[in-house]
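To find a chain, count down the sequence lines: A is the first, B the second, and so on, and within it residues start at 1. Since the model is a prediction, treat every value here as computed from it, not as a measurement.
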Amino acid sequence: MPVAGAASRRPGLDFPQPLCASPRRFQDASHEPGPDMHAYRSHTCGALRLADVGRSVRLSGWVRRVRDHGGLLFIDLRDHYGITQCVADPDSPAFAAAEAVRAEWVIRLDGQVRERPADTYNANLDTGEIEIFVEEIEVLSAAAELPLPVFGEPEYPEDIRLRYRFLDLRRERMHRNIVRRSEIMTSIRRRMTEAGFIEFQTPILTASSPEGARDYLVPSRLHPGRFYALPQAPQQFKQLTMMAGFDRYFQIAPCFRDEDARADRSPGEFYQLDIEMSFVTQDDVFDAVEPVLRGLFEEFAEGKPVSQRFPRIPYAEAIGKYGTDKPDLRNPIEMAPVSEHFRGSGFKVFATLLDKDAQAEVWGIPAKGGGTRAFCDRMNAWAQGEGQPGLGYIFFREGEGAGPVAKNLGPGATEAIRAQFNLAEGDAVFFVAGRPKVFAPFAGQARKKVGEELGLIDTERFDFCWIVDFPMFEWDEEEKKVEFSHNPFSMPQGGLEALETMDPLEVKAFQYDIVCNGVELSSGAIRNHRPEIMRRAFEIAGYDERVLEDKFGGMVRALQYGAPPHGGIAPGIDRIVMLLCGEENLREVVMFPMNQQAQDLMMGAPGEVSPRQLRELHIRLALPEPQKQV
RNA sequence: GGGGGUGUAGCUCAGUCGGUUAGAGCGCUGGCCUGUCACGCCAGAGGCCGCGGGUUCGAGUCCCGUCACUCCCGCCA
């Protein structure tokens, strides 16, 4: 069998695009087959309709599927724009050629458009009322046996999908995701521009910054022993842009962080819609960003409702009600403290805990519809699987609270808890106890699990919220010191006075996140534009002035020469696209992603380089002992 | 760095308590088939059971190690 390299070229994309997304024809009807016919096609595979019946056409594309009936043979021809059924019978001069083609070959064919017999219309295809009677076939590129099928949309191992990404991207769902990503990008640029923002470019090769994630480093040839760093975000550049007197900056900015991946966190690189504005308060930023995101989501949500106002939830309240600073508001469960019902009660485990530790609390997680022993036991087993001692519960049936907790707690307190959460027959409530700081993340997981298990989450919605009033500092248990909890450049609420007079751990920052359906889309802040406040903030976090000068010199200098109050935010593009494509994994919306180990299996990155390249960079390798084999 | 899961045909998977020649679907090769669109029917090819070691009369199956992929924790201002 003839074997050729896989065709990655898409002639269609080289054609000038008319205004409509799917051009019906590339050429005028006057260009019928003949000497003037285009070499590859007169129409795309998504173009032809009943009105074209009788026309002589030329199509090119991939063979999606062949159905060979012996005396009659169908080829589904696919390109970027659609699928057209082509048919050949022994009367056709192309019959022998048609019998030879296989899936994913690239062919060009000429033929006549004809109406399908009415009872064989295919409503699933835009072109389903017509077919092409094939008169000539030219194989433009044959395909070897496929390492993964293109037809159909089942699950395949990711390493194979990534190694043969060009095949994976031919699949309908991936192709649609990537096109939608492009449309989302275009819409974002339009919306930002219409809102008066202008797009800037900032350096990719820049300096390492001491805070935050691990940097990707690029060795300098001209300066032995020195390194550039790829930007973790254009944070300082966008602030400097404001100090330079521009206003309303945006950029769809590549960001690079050398940290381990997650399903919702690409290894290595990702994109942010980076935004910064001058002379603004927190409310001004919200008022600028909210309509862009709402409009964007409404445009691509396919009818799913989108929050009209994004509720603003203080950080502390989010932790208390949802156990997390990225709550999924589609989940109606709100937790609340129930310590008072347990204090001094007959349920000794919690009563003793509360007695011994003044900081201890008990929280309740109401579970509407979870009032069966089977469900409660299942949740308890789940909690143990998560490394917890268990998950206490009361479930309500036959007019009373049931379960071991209720038995020891007594009917009075049990009824008080039922009333507090407004629970009824058939409902349950789960309990977590200890120091909130320690158990809150688990409580959040339990809330999520209960919501999912009981089907309380309406997946056909986009629920946004702002999380506001993040703490400025937090206690770093490992280093035993106060550390910036988010961005060191955020303005503390209350300014210098707050830093001078308050417990640092009590100081809040003008720091905020946008959360949608439990996904943290972005974080931002009103920046600290006052050098004396910044010096004090760094001092509290244990950095002396030299560090500030060394590492943030450019920015600190700029602050001394007239810096406007400014602030911004940076929504994650990949996560937005993921939500709007209904995907659970970022790799489904990135065209050529790396795997979880930050390798590009298709291109072979990271790869080895020649000794000469290393010499030029003044680099000698000091590999770990068990020498890596490649 | 740590924990969980997975690894058997090109692809998706099954494989019982450790027991004969390791199976199915899709794909591939050949044959039949004139209205299919997940076409249908018949036949065939295709296996280092991830890799290495061990236990055993006997290992896809049990044990140890290792590699790869993936999910999670740490990490991600």
In whole Å, what separates the P atom of B:G52 from that of B:C13?
-> 24 Å
Look at the side chain of A:Gln85 and decide which nucleotide, out of B:C37, B:C76, B:C33, has an atom nearest to it.
-> B:C37
Once you round it to whole Å, what is the distance between C1' of B:C73 and CG of A:Asp264?
-> 14 Å
Out of B:U36, B:C33, B:G74, minimum distance to the side chain of A:Phe74 belongs to B:U36
Once you round it to whole Å, what is the distance between C1' of B:U36 and CD1 of A:Ile75?
-> 13 Å
Going by heavy atoms closer than 4.0 Å, what residues in residues 516-524 of chain A are next to RNA chain B?
-> none
Classify the side-chain pair A:Tyr121/A:Glu115 by whether it contains a donor and acceptor separated by less than 3.5 Å.
-> yes
Could you tell me whether the side chains of A:Asn177 and A:Glu583 share a donor-acceptor contact shorter than 3.5 Å?
-> yes
Can you tell me, in whole Å, how much space there is between the C1' of B:G7 and that of B:U66?
-> 14 Å
For B:C71, take OP1 and OP2 only and decide whether either is under 4.0 Å from a side-chain N or O of A:Arg587.
-> yes
Do the non-hydrogen side-chain atoms of A:Ile313 and A:Val515 ever get within less than 4.5 Å of each other?
-> no
For the residue pair A:Trp466 and A:Tyr512, categorise the inter-ring angle as parallel (less than 30°), tilted (30 to 60°) or perpendicular (more than 60°).
-> perpendicular
When rounded to the nearest Å, what value does the distance between C1' atoms of B:U29 and B:C71 take?
-> 40 Å
Will you find, in the side chains of A:Glu276 and A:Thr241, an N or O donor that is under 3.5 Å from an N or O acceptor?
-> no
OP1 or OP2 of B:A68 under 4.0 Å from side-chain N/O of A:Gln597 = no
Is there a donor on the side chain of A:Asp76 or the base of B:C37 sitting less than 3.5 Å from an acceptor on the other?
-> no
State whether A:Asn122 places a side-chain N or O below 4.0 Å from either non-bridging phosphate oxygen (OP1 or OP2) of B:C37.
-> no
Respond yes when some side-chain nitrogen or oxygen of A:Arg67 is under 4.0 Å from OP1 or OP2 of B:U36, and no when none is.
-> no
Report yes or no: is there a donor-acceptor pair, N or O only, under 3.5 Å between the side chain of A:Asp260 and the base of B:G74?
-> yes
B:A68 phosphate, OP1 or OP2, under 4.0 Å from A:Gln596 side-chain N/O = no
Across the strands shown, which category fits A:Leu73 at heavy-atom distances under 4.0 angstrom: base, sugar-phosphate, nothing?
-> nothing
Donor/acceptor link under 3.5 angstrom from A:Arg64 side chain onto base of B:C37 = no
Touch check for A:Pro147, heavy atoms < 4.0 angstrom, all strands: base, sugar-phosphate only, or nothing?
-> sugar-phosphate
Should A:His175 and A:Arg170 count as side-chain neighbours, where that means a heavy-atom distance under 4.5 Å?
-> no
B:G30 to B:U21 separation - P atoms, rounded to the nearest Å = 32 Å
Compare side-chain N and O positions of A:Arg65 against OP1 and OP2 of B:G27 and report whether any pair is under 4.0 Å apart.
-> yes
Assign each of A:Asp91 and A:Thr120 to its nearest nucleotide of RNA chain B by heavy atoms, then name whichever residue's nucleotide is nearer the 5' end.
-> A:Asp91
Within-4.5 Å side-chain heavy-atom neighbours: A:Pro231 and A:Phe256 | yes
Give, for atom CD of A:Gln596 and atom CG of A:Leu162, the distance between the pair rounded to the nearest 0.5 Å.
-> 11.5 Å
Check: B:G35 base within 3.5 Å donor-acceptor of A:Arg114 side chain = yes
note: A:Leu148, atom CG; B:C13, atom P; distance rounded to Å ~ 13 Å
Calculate the interatomic distance between A:Glu115 atom CD and B:G35 atom P; express it in whole Å.
-> 18 Å
A:Leu586 CG - B:C76 P separation (whole Å) = 18 Å
What is the distance from CD1 of A:Ile83 to P of B:A38, rounded to the nearest Å?
-> 11 Å
Taking only the side-chain heavy atoms of A:Leu162 (C-beta and beyond), determine which of B:U70, B:G74, B:U34 contains the nearest atom.
-> B:U70
Examine B:C11: is either OP1 or OP2 under 4.0 Å from a nitrogen or oxygen in the side chain of A:Arg161? Give yes or no.
-> no
Distance between the P atoms of B:U70 and B:U8, in whole angstroms?
-> 15 Å
Are the side chain of A:Arg447 and the backbone N or O of A:Tyr322 linked by a donor-acceptor pair below 3.5 Å?
-> no
Side-chain-base donor-acceptor pair under 3.5 Å for A:Glu131 and B:G35 | yes
Are any non-hydrogen side-chain atoms of A:Leu205 and A:Pro203 less than 4.5 angstrom apart?
-> no
What interatomic distance, in whole Å, is found between P of B:A9 and the corresponding atom of B:G46?
-> 15 Å
One should read off an interatomic distance between A:Arg527 CZ and A:Asn487 CG, to the nearest 0.5 angstrom, of 6.0 Å
Spacing of the P atoms in B:C17 and B:C76 (rounded, Å) | 47 Å
Interatomic distance where CD belongs to A:Glu99 and C1' belongs to B:C33 [whole Å] = 11 Å
Determine the Euclidean distance between corresponding C1' atoms of B:G44 and B:G5; express it in Å to zero decimal places.
-> 37 Å
Please state whether the rings of A:His69 and A:Phe74 are parallel, tilted or perpendicular, taking 30° and 60° as the class boundaries.
-> perpendicular
Is any side-chain N or O of A:Arg116 closer than 4.0 Å to OP1 or OP2 of B:U36?
-> no
A correct dot-bracket answer for RNA chain B, with pairs being Watson-Crick or G-U at under 3.5 Å, [ ] for crossing pairs and | for inter-strand pairs, is (((((((..((((.....[...)))).(((((.......))))).....(((((..]....))))))))))))....
Are side-chain heavy atoms of A:Trp382 and A:Gln445 found at a separation under 4.5 Å?
-> yes
Measure the distance from CG on A:Leu146 to P on B:U12 and round it to the nearest whole Å.
-> 13 Å
Presence of A:Arg262 side-chain N/O under 4.0 Å of B:C75 phosphate oxygens OP1/OP2 = no
Identify whether NZ of Lys or CZ of Arg in A:Lys449 sits under 6.0 Å from the centre of the six-membered ring of A:Phe442 and within 45° of that ring's axis.
-> no
Is any side-chain nitrogen or oxygen of A:Gln599 closer than 4.0 Å to OP1 or OP2 of B:C69?
-> yes
B:U70 phosphate, OP1 or OP2: any side-chain N/O from A:Asn585 under 4.0 angstrom?
-> no
Going by ring centres under 5.5 Å and near-parallel planes (under 30°), is A:His69 stacked on B:U34?
-> no
Identify whether any heavy atom of A:Asp68 sits under 4.0 Å from a base atom; if not, whether one sits that close to sugar-phosphate; answer base, sugar-phosphate or nothing.
-> base
If you look at every strand shown and take non-hydrogen atoms under 4.0 Å, does A:Ser490 touch a base, only sugar-phosphate, or nothing?
-> nothing
